Amino acid sequence: QVTLVESGGGLIQTGDSLTISCAASGVNFSWYMFSWYAMGWFRQAPGKEREFVAAISRSGTVKYYTASVKGRFTISRDNAKNTLYLQMSSLKPEDTAVYYCAADKIYPSGSFTDERAMETSSYDYWGQGTQVTVSS
């Protein structure tokens, strides 16, 4: 069982930057287990479905982004700290949403593809979300 806890959300102005984090833990969750999981960020705005934002491979070498955030958002991970990050810049009001992190157990035999990364059903664990509000 993996517990994911997001943090760092808040109310910010258009054009500002913000970094949100996701810490992984759990009963019998050893430090090396975080690297078993590909990780993703999703978001859900009021009245809309949850949508893919970005995903990162187990080692951090492969990253996928939805088109609307490419060049503005950067996903990264620190496997030594069991933590996932999303650096967001040039924020727009349409980025306002609850942001969720999610974990997909790729190890030992899964393949990290863009199709898999973008599907909510690929992920085994979800955080509770952190609200990001961008005012105009």
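Because the structure is a prediction, the values reported are computed rather than measured.
Using cut-offs of 30° and 60° on the angle between ring planes, the pair W36 and Y107 is parallel.
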Inset, instruction - Check the pair E6 / Q128 against side chain to side chain contact (heavy atoms under 4.5 Å, CB included), numbers first and verdict last. - result: CA-CA 7 Å; E6 301 94 337; Q128 83 292 346; 2.9 Å; yes
Legend entry - Worked verdict on T130 versus V98 for side chain to side chain contact (heavy atoms under 4.5 Å, CB included): CA-CA 5 Å; T130 186; V98 177; 6.0 Å; no
Inset, instruction - Would you sort out whether L91 and S17 count as a side chain to side chain contact (heavy atoms under 4.5 Å, CB included), showing the intermediate values? - result: CA-CA 6 Å; L91 281 158; S17 299; 5.7 Å; no
Legend entry - Evaluation steps, side chain to side chain contact (heavy atoms under 4.5 Å, CB included), between I56 and V62: CA-CA 6 Å; I56 189 168; V62 180; over 6 Å; no
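Judged by distance alone, with hydrogens and angles left aside, the side-chain atoms of N82 form no donor-acceptor pair with the main-chain N or O of A23 at under 3.5 Å. A donor-acceptor contact shorter than 3.5 Å links the side chain of W41 to the backbone of Y85. A donor-acceptor pair under 3.5 Å links the side-chain atoms of N79 to the main chain of R58, judged by distance alone.
Linking ILVMFWY side-chain heavy atoms closer than 4.5 Å, directly or via other members, places M118 and Y99 in two distinct hydrophobic clusters. Taking hydrophobic clusters as Ile, Leu, Val, Met, Phe, Trp and Tyr residues chained together by side-chain heavy-atom distances below 4.5 Å, L11 does not share a cluster with V134. Side-chain heavy atoms closer than 4.5 Å link hydrophobic residues (I, L, V, M, F, W, Y) into clusters, and following such links, even through other members, never connects L86 to Y64.
Geometrically, R50 engages Y100 in a cation-pi contact defined by less than 6.0 Å to the ring centre and at most 45° from the axis.
Here the straight-line distance linking atom CZ of R72 with atom OG of S90 works out to 7.0 Å at 0.5 Å rounding. The structure places SG of C22 at 4.5 Å from CE of M39, a figure rounded to the nearest 0.5 Å. Atom-to-atom distance recorded for R116:CZ and I106:CD1 is 3.5 Å, nearest 0.5 angstrom. Once rounded to the nearest 0.5 Å, the distance linking CG of D95 with OG1 of T14 reads 9.0 Å. Once rounded to the nearest 0.5 Å, the distance linking OG of S122 with CD of E115 reads 9.5 Å. Residue I12 holds its CD1 atom at 8.0 Å from OG of S135, rounded to the nearest 0.5 Å.
Within the 4.5 Å cutoff, side-chain heavy atoms of T120 are placed close to those of W126. Between F73 and V53, some side-chain heavy-atom pair lies under the 4.5 Å cut-off. T74 has its side chain within reach of Y65: a pair of non-hydrogen atoms, C-beta onward, lies under 4.5 Å apart.
Side-chain polar atoms of S59 and T61 form a donor-acceptor pair below 3.5 angstrom. Looking at T133 and Q131, their side chains do bring a donor and an acceptor atom within 3.5 Å of each other.
Within the 6.0 Å centre-distance limit, the rings of Y123 and F42 are counted as a close aromatic pair.
Nearest heavy-atom pair across Y37 and M33 is CD1-O, 3.2 Å. Looking at every heavy atom in both residues, G8 comes nearest to L18 through O-CD1, 3.5 Å. When all heavy atoms are compared, the tightest approach of F112 to A117 is CE1-CB, 3.9 Å. Closest approach of C101 to L84, counting heavy atoms only: CB-CD2, 3.9 Å. When all heavy atoms are compared, the tightest approach of A97 to R43 is CB-CB, 3.8 Å. Annotation for K63 and I75: closest pair NZ-O, 3.0 Å, computed over non-hydrogen atoms.
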